[in-house]
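As the structure lists them, so they are numbered: ligands from 1, and atoms in each ligand from 1. Throughout, residue positions are numbered sequentially from 1 according to the sequence presented.
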Amino acid sequence: MLRVTLRQLSVFEAVVRQSSFSRAAAALHLTQPAVSMQIKQMEETIGLALFEQLGKKIFLTEAGRELYHYSRLIAQQLEEAESVFDRLKGVDYGNLKLSVASTANYFAPELLAAFCARYPKITVSLDVTNREALLQQLAHNETDMVIMGQPPEGHDLVAESFMRNPLVVIANPGHPLAGQKKIDLPRLAQEVFLVREPGSGTRSAMERFFEEHAVALRTGMVMNTNEAIKQAVQAGMGLAVVSAHTVALELETGRLVLLDVEAFPIMRFWYVVHRQNKRLSPAATAFKTFLLNEAATLAKPLPTEAGAPSGQAARRRRK
Ligand code: PGA
């Protein structure tokens, strides 16, 4: 029998995920020599190299790719066994591995706080990344479930929507379009838009929308966080389309305003998504039920909904 240990497999997986020995070491709280040693021992046991170095980058060899495949299957089996034991212990126990889109991180912690207060013995690990990376995690079975915009068809996924995700146009309060009523879409073609990185769900929804309305946008800088986008818009570098979830604070303090643009907001939805054949643990099932039944009522009202500050109103109040 192949004498590799589960510990070695998890070190190996970390190196694959991080594409780097040093980043894997940092993620596992180990030293880099300790990580290299584990990989070297595995290579000796197997009798084949697992990685090859080209320039500064490391790549999996064919043997490495095969090992990754089996390593995932083993991890999956163990997780299934764990969830069977959790089921025997009852819903109170267990682990939830949740991954959310960067934009969903503006409401996910609040929901998790309410969930954990109800199930204090469930431990949750939360990963925040963009839409493309979430689809990868689902494909490699590295997560119990994810919160993201509508996933693409045909990936053997179960996706259920639980809350609205309106996309809005934001501007610096001093922008000439601020306060104007019913700005028509072609007028936006004269403005520069700051955009999220390729792979962002917000970005692809925005691109689809303008394409459908035959408006050619001028795009400026590309930024990989909503925070960077908001700062740049505040600094007057351009306009942006973001989820209303991300701007509640800035609208309340009047640092940003929403523009009243025809056909906006773009109405999207948040989905809870998992693999079709995934055996959900009791903790994961409890979280899914919680999201579907309660998330929409627990989350704060959005700036696009009645009773919430729109930015213009906040500015008027301050005058
Ligand atoms: P993102 O999230 O723009 O942060 O990727 C939104 C989504 O999944 O649609």
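A salt bridge does not link Glu142 with Lys97: every distance from a Lys NZ or Arg NE/NH1/NH2 to an Asp or Glu carboxylate oxygen is 4.0 Å or more. Lys40 and Glu43 are not joined by a salt bridge, as no carboxylate oxygen comes within less than 4.0 angstrom of a charged side-chain nitrogen.
Ring planes of Phe210 and Phe264: tilted class, angle from 30 to 60°. Between Phe287 and Phe115, the angle of the ring planes goes over 60°, which puts this pair in the perpendicular group of the 30/60° scheme.
Atom CD of Glu197 is separated from atom CZ of Arg131 by 12.0 Å, given to the nearest 0.5 angstrom.
Closer than 4.0 angstrom to ligand 1 lie heavy atoms from Ala101, Ser102, Thr103, Asn130, Arg131, Met148, Gly149, Arg196, Ser200, Gly201, Thr202, Arg268, Trp270.
In this structure, the side chains of Leu157 and Arg275 come closer than 4.5 Å at one or more pairs of heavy atoms.
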